[in-house]
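Note: hydrogens, waters and symmetry copies are ignored here, and every other heavy atom, side chains too, is used. Both ligands and their constituent atoms are indexed starting at 1 by order of listing.
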Amino acid sequence: MTGAYYLGLMSGTSMDGIDAALVDLSNGEARLLASHCRKYPPEVVDQLERALKLLEPRTADLDELDRLVGENFAGAAIELLAKAGVAADRVTAIGSHGQTIRHEPDADEPYSLQIGNGAVISALTGIETVTDFRTADINAGGQGAPLVPAFHAAVLSSDTENRVIVNIGGIANITVLPASSSAAVTGFDTGPGNTLMDAWIRRHQGEQFDLDGAWASSGKHDARLLAAMLRDDYFRMAPPKSTGREHFNLSWLSAFLQGVSIPANDIQATLCELTAITIADAVEMHAPDTRRVLVCGGGAHNIHLMWRLNENLPDIPVETTQSIGVDPDWVEACAFAWLAKQHIEGKPGNIPAVTGAGKPVVLGSLFKADATQNR
Ligand SMILES: Nc1ncnc2c1ncn2[C@@H]1O[C@H](COP(=O)(O)OP(=O)(O)O)[C@@H](O)[C@H]1O
Ligand SMILES: [Mg+2]
């Protein structure tokens with residue numbers, strides 16, 4: 001059996017686990033062969049949370065964490081292959097996003113740092129591994145994000161229907177996919193996806209996330225709080241733009257809660273509304289001719305959020321990517337498998353209209369499976 005097998009590894013800002021997807025990328029398609037999610041050990045999550053919070057984590061700590069995260073990413077790949085019954089030598093390459101620790105594309109010295117050492121992953125799996133996808137785009141003047149739109153354009157577009165893909169992870173991003181091949185593919189981070197809802201329920205109920213949006217649906221959104229949050233400059237900025245937990249986090253939220261007394265579940269409902277309305281506004285403003293909105297990422301499971309999205313976009317059907325036969329949980333991991341293939345083939349992985357880069361560039365750094373070649 002032949003095929004172009006690639007393996008994508010992704011862990012987003014939610015840090016809910018490492019998603020691993022084995023994908024056959026022959027014939028311009030992306031066929032998901034097997035998938036696996038490996039949870040981080042709780043002590044690794046603690047260390048990652050600390051690294052995210054510290055303004056200047058000590059380099060020595062970060063190096064250690066870089067290796068530890070690399071071992072966990074390699075573990076996710078190895079477990080996936082065992083589950084699929086596929087030998088490592090059948091896989092052309094791994095594309096590993098890594099775990100974002102910092103994303104500062106607008107700093108004087110712009111950078112985006114993902115950890116999860118590529119040399120560790122390639123050595124432990126025996127598969128050549130592409131990592132550090134964001135730096136080349138930043139070097140070309142871009143945001144280094146979002147990077148999934150090129151994959152969305154390659155495999156999720158339709159030549160008869162204008163579509164928008166919405167990926168709702170910790171942060172949410174949209175990809176505008178016009179049916180006409182001459183029209184530009186655009187996209188950007190709209191703002192918070194699940195991250196504020198996750199943080200709020202964690203603080204008040206000790207839950208990792210709001211299952212099906214049940215807690216949010218038990219409250220009602222507060223119009224004044226929502227209006228105040230919507231005045232954040234990020235929502236008014238013109239794309240290209242990208243954001244992360246450095247900006248949208250509990251301290252950001254706390255600033256709006258000073259001196260107000262709103263029940264905790266109403267705040268959850270307001271955070272859910274904030275995610276829905278900022279996505280809906282982005283679609284209405286940047287893709288008014290959209291015929292269908294397709295949602296992927298963990299947010300696709302949040303029933304309340306999906307309902308609020310539908311209500312905020314009354315004229316456009318909002319569904320999950322499942323409605324076109326694509327499992328919403330694995331789109332992003334598949335995207336990094338695809339980005340690895342682009343790297344191996346020397347093809348660009350960014351869309352300049354999306355990231356703001358000056359030109360299309362090949363993304364990522366390659367670690368050979370045989371470590372003696374990584375010099
Ligand atoms: N059944 C569900 N109900 C509500 N939210 C969910 C559900 N399943 C997943 N999620 C949300 O999706 C998030 C994980 O989404 P994911 O796409 O993996 O994000 P990331 O890319 O940031 O890791 C969880 O933190 C949670 O907020
Ligand atoms: Mg995740």
[X] and [Y]: side-chain donor and acceptor closer than 3.5 Å?
X: H247; Y: D232; result: yes
X: N117; Y: E71; result: no
X: R134; Y: H97; result: yes
X: S218; Y: N265; result: yes
X: H103; Y: S242; result: yes
X: N350; Y: D137; result: yes

(request) If the plane angle is over 60° it's perpendicular, under 30° parallel, otherwise tilted; pick one for H204 and W215. (result)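 The rings of H204 and W215 sit tilted, inter-plane angle from 30° to 60°.
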
(message) Please give me the protein atoms (N, O or S only) lying under 2.8 Å from the Mg ion (ligand 2), ordered by chain and number.
(response)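 Short answer, with waters excluded from the count: D16 OD1.
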
Show the short N or O contacts, below 3.5 Å, that ligand 1 makes with protein N or O atoms; if there are none, say 'none'.
from	atom 1	to	atom 2	distance (Å)
ligand 1	1 (N)	D212	OD1	3.4
ligand 1	3 (N)	D212	N	2.7
ligand 1	10 (N)	G298	O	3.3
ligand 1	12 (O)	N194	ND2	3.4
ligand 1	15 (O)	G298	N	3.3
ligand 1	17 (O)	G298	N	2.8
ligand 1	18 (O)	D16	OD1	3.3
ligand 1	18 (O)	D16	OD2	3.1
ligand 1	19 (O)	S14	OG	3.2
ligand 1	21 (O)	E332	OE1	3.4
ligand 1	22 (O)	T13	N	3.1
ligand 1	22 (O)	S14	N	2.9
ligand 1	22 (O)	S14	OG	2.8
ligand 1	22 (O)	G170	N	2.9
ligand 1	23 (O)	G12	N	3.3
ligand 1	23 (O)	D16	OD1	2.9
ligand 1	25 (O)	D198	OD2	2.6
ligand 1	27 (O)	D198	OD1	2.6
ligand 1	27 (O)	D198	OD2	3.2

(request) Flag the pair H152 / R163 as yes when at least one side-chain heavy-atom distance between them is below 4.5 Å, and no otherwise. (result)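 H152 vs R163: side chains apart.
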
(message) Out of the candidates L7, L9, I78, only one should pair with T125 under the side chain to side chain contact (heavy atoms under 4.5 Å, CB included) rule; please name it.
(response)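 Going through L7, L9, I78 one by one, the side chain to side chain contact (heavy atoms under 4.5 Å, CB included) with T125 is satisfied by I78 alone.
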
